[in-house]
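The first residue in the sequence is number 1, and the count goes up from there.
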Amino acid sequence: MIKIAPSILSADFANLGRDIDALTEWNADWIHFDVMDGHFVPNLTFGPPVCAAVRPRTKLPIDVHLMVDEPSRFVPWFQKAGADSITIHVEAERHLHRALQQIREGGCKAGVVLNPGTPAIAAKEVLPYCDLVLVMSVNPGFGGQTFIPESLEKIAELRRMIDDRGLTTDIQVDGGINPETAERCIDAGATVLVAGSAVFHAADPKDMIRQLRCGR
C-alpha cells in the first residue's frame, strides 16, 4: 500500500496544532518533518521542541528528515522528542553504518537520503540496515519546487537493488509530488510519497491525499 507523508513545512505555522489534527481526518499515513540547519541546506526550519509539542497531538508516525551537518548529533534529541523514523543524508554522515545502528538502537526506523546529484549506488552498502531510502526529487532546502524527472531512474534502480536482495525497505520520494508525478514515482517503485504544498494548499486536502495514494 502506498503511504502518504504530508510535510508540515507547508503547514500554517500559526495554526500548526490545527493542521496536525487535520492530517488524521485527511487519512495521511505519516507526518514528515523537514529539519534544516542553515548549513547543509540554505534554510532554517524547526528542531526537537516542535516535534515534542506535536507528539501528544497525534497517533500518526512522525518521520524526521535531517537536512543537517553531522546528523548523528541530532538523532538522540529527536528520539527523545518522539520521532518514529529518522533519515540522514549520505552526503552529510561519514559513518553511515554506525549512525543507522544508533537510530535503530534508539527505537526508531532508520533510513538514508540521496540528494538529486547522488547516485543510487551510494546507498547499496547500507541497504540491509535501512527501513527506508529517501530519494530527493528536488534540491533540498525549500518547498514548492519542480520535480526532477531523472529521479525516476534512481527510484527504479533502488527498487531493483532492494528486490534483488529480498529486502522490504521502503522507497520514499520527496519533492514536486503531485498526482501526475506521484503516479510516475509509484510506477518506478516508490512506496512512500512526501507532499507538502500539494496537500496543504489543496482545495480538498483529503481528496488530494487519495489521489496521490492512487497515483492519479
Side-chain angles (χ1 to χ4, degrees), residues 1-37 40-41 43-68 70-89 92-93 99-113 129-136 140-143 168-175 177 190-200 205-206 208-209 212-213:
M1 180 178 176
I2 303 302
K3 294 179 280 288
I4 306 300
S7 169
I8 63 168
L9 187 62
S10 296
D12 180 355
F13 287 2
N15 295 283
L16 185 56
R18 179 203 64 191
D19 283 2
I20 294 295
D21 294 342
L23 289 174
T24 299
E25 300 173 12
W26 298 341
N27 295 325
D29 298 288
W30 298 357
I31 298 174
H32 190 77
F33 266 59
D34 286 307
V35 179
M36 308 179 193
D37 65 355
F40 183 69
V41 293
N43 197 4
L44 283 168
T45 55
F46 27 71
V50 176
C51 183
V54 167
R55 180 70 283 172
R57 292 196 69 116
T58 183
K59 294 182 179 179
L60 294 177
I62 294 177
D63 175 42
V64 173
H65 172 195
L66 293 178
M67 287 173 270
V68 299
E70 299 181 62
S72 56
R73 293 191 301 113
F74 291 70
V75 167
W77 303 339
F78 279 95
Q79 288 174 326
K80 185 177 180 181
D84 293 284
S85 58
I86 299 176
T87 52
I88 57 177
H89 277 259
E93 181 56 56
L100 291 167
Q101 182 180 23
Q102 174 192 15
I103 294 170
R104 282 184 160 182
E105 287 179 348
C108 293
K109 291 184 177 181
V112 293
V113 191
Y129 308 93
C130 292
D131 298 290
L132 66 156
V133 177
L134 170 52
V135 174
M136 290 303 300
F142 299 94
T168 58
T169 310
D170 275 314
I171 299 176
Q172 186 179 53
V173 185
D174 183 359
I177 297 298
T191 55
V192 184
L193 302 177
V194 176
S197 55
V199 170
F200 284 104
K206 184 174 183 178
M208 175 56 67
I209 287 176
L212 295 174
R213 186 179 285 115

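- Of the inter-residue distances, the one linking M36 atom CE with H65 atom NE2 reads 7.5 Å to the nearest 0.5 angstrom.
- Between V64 and S85 there is no side-chain heavy-atom pair separated by less than 4.5 Å.
- Counting heavy atoms from C-beta on, the side chains of V112 and L134 never come closer than 4.5 Å.
- The only member of L66, I103, L132 that meets side-chain contact (heavy atoms from CB on, under 4.5 Å) when paired with T87 is L132.
- The shortest distance between side-chain heavy atoms of D174 and V135 does not fall below 4.5 Å.
- In this structure, the side chains of R55 and D84 come closer than 4.5 Å at one or more pairs of heavy atoms.
- Of the residues D12, D19, L9, the one that meets the side-chain contact (heavy atoms from CB on, under 4.5 Å) test with F200 is D19.
- Once rounded to the nearest 0.5 Å, the distance linking CG of L60 with CD1 of I31 reads 4.5 Å.
- Closest non-hydrogen pair, I8 versus F13, comes out as O-CE1, 3.1 Å.
- The minimum heavy-atom distance linking P61 with D29 is given by the pair CD-O, 3.2 Å.
- Checked against a 6.0 Å centroid threshold, the rings of F40 and H89 count as neighbours.
- When side chains are defined from C-beta on, T191 does not count as touching Q172, because their heavy atoms never get closer than 4.5 Å.
- When all heavy atoms are compared, the tightest approach of P140 to M67 is CB-SD, 3.5 Å.
- Taken to the nearest 0.5 Å, the CE atom of M208 stands 9.5 Å off from the OG atom of S197.
- Remark: L100 CG to C108 SG distance equals 12.0 Å, nearest 0.5 Å.
- Note that CD1 of I86 and CD of Q102 are 8.0 Å apart. Values are rounded to the nearest 0.5 Å.
- Side chain of D131 to backbone of A110: a donor-acceptor contact under 3.5 angstrom is found.
- D34 and T45 share no donor-acceptor pair across their side chains, judged by distance under 3.5 Å alone.
- Two residues are said to be in side-chain contact when any heavy atoms from C-beta on lie closer than 4.5 Å; M136 and V173 fail this criterion.
- A pairwise comparison of heavy atoms in F78 and F46 identifies CZ-O, 4.4 Å as the closest pair.
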Applying side chain to side chain contact (heavy atoms under 4.5 Å, CB included) to V133 and T169, what does each step give before you reach the verdict? CA-CA 7 Å; V133 177; T169 310; 4.0 Å; yes
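- One finds the CH2 atom of W30 at 6.0 Å from the NZ atom of K109 (value rounded to the nearest 0.5 Å).
- Listed for the R213 side chain is no donor-acceptor partner under 3.5 Å among the backbone atoms of M1.
- In terms of heavy atoms, P71 sits closest to A92 at CD-O, 3.5 Å.
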Could you walk me through whether L193 and I2 pass the side chain to side chain contact (heavy atoms under 4.5 Å, CB included) test, one step at a time? CA-CA 8 Å; L193 302 177; I2 303 302; 4.3 Å; yes
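- If you check the side chains of E93 and S72, you find a donor sitting under 3.5 Å from an acceptor.
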What do the steps show when you test K206 against N27 for side chain to side chain contact (heavy atoms under 4.5 Å, CB included), and what is the final call? CA-CA 7 Å; K206 184 174 183 178; N27 295 325; 3.3 Å; yes
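- Considering every non-hydrogen atom in both V35 and V68, the closest pair reads O-CG1, 3.9 Å.
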